[in-house]
Amino acid sequence: MERVILHCDLNSFYASVEELYHPEVKGKPVVVGGSEDERHGIVLARNQIAKKYNIVTAETIWQAKKKCPELIILKPNHKRYEKFSLRVREIFLRYTDLVEPFGLDEAWLDVTNSKYFGTGTEIADKIREQIKSELGITASVGVSFNKVFAKLGSDLRKPDYTTVITKDNYKEIVWPLKATDMIFVGKSSYEQVKI
Ligand SMILES: [Mg+2]
């Protein structure tokens, strides 16, 4: 039987949680990261507006500020992210016991035997809705017949989107992508393949 796998990715997770605690920053470019006076403080997460300034995760706060002088920097609160991550997991467990977390903001769900709740796509949409209405943050979900394509799906359209990759459409979707878009193909293995 074909498996039905979801991959759920919370969008701009740290930044989205911090925005809930700092409503005054809404609509402004925000990153979560190390302190500004330490030159090596780095960007851990950015909101959608900061992304438009080409600010990237893991660059220094100092570099990010050069791209966007009005950038707001919020300190990380790991306890908060753990709490939100657990509450998201509680939502997943309404649909399946087969949840495999990957960090605080990603998880695979095997919903092959969860037909009672609907198709994979319907479950993905319900999960997105519940995360949004109960927690105030958004998620992108990929639905597919294996973990790699489910993960790829959650990456293709965001924020707050369900992307379905089936045995019928995967060639159209996957083949045009660069190898580096695939999970487990890091930059170094890509370089090796090119040689
Ligand atoms: Mg994420």
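One-based numbering, in listed order, for ligands and for the atoms of each. Just so we're clear, the structure is a prediction, and the values are computed from it rather than from any experiment.
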Checklist line | Total protein N/O/S atoms whose distance from the Mg ion (ligand 1) is less than 2.8 Å | finding: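 For the Mg ion (ligand 1), the figure is 3.
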
Next item on the list: Please confirm whether Tyr14 and His78 have ring centers closer than 6.0 angstrom.
Entry: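 Yes: the rings meet the under 6.0 Å criterion.
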
Check: Donor-acceptor pair, Asn47 side chain versus Val30 backbone, under 3.5 Å?
Finding: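 Confirmed, Asn47 side chain pairs with Val30 backbone.
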
Note to self: Quick one, Glu122 and Asp125 - any side-chain contact, counting heavy atoms below 4.5 Å?
What the structure shows: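 Side chain of Glu122 against side chain of Asp125, heavy atoms only: no contact under 4.5 Å found.
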
Checklist line | Cys68 and Ile55, any side-chain heavy atoms less than 4.5 Å apart | finding: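 The answer is yes; the side chains approach within 4.5 Å.
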
Note to self: Can you give me the closest heavy-atom contact between Ala139 and Ile131, atom names plus distance?
What the structure shows: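 Smallest interatomic distance, heavy atoms only, reads CB-CD1, 4.0 Å.
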
Next item on the list: Sequence neighbours left out, what passes salt bridge (Lys or Arg N to Asp or Glu O under 4.0 Å) with Arg94? Give chain and number order.
Entry: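 Scan of Arg94 (salt bridge (Lys or Arg N to Asp or Glu O under 4.0 Å), adjacent residues dropped) gives Glu134.
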
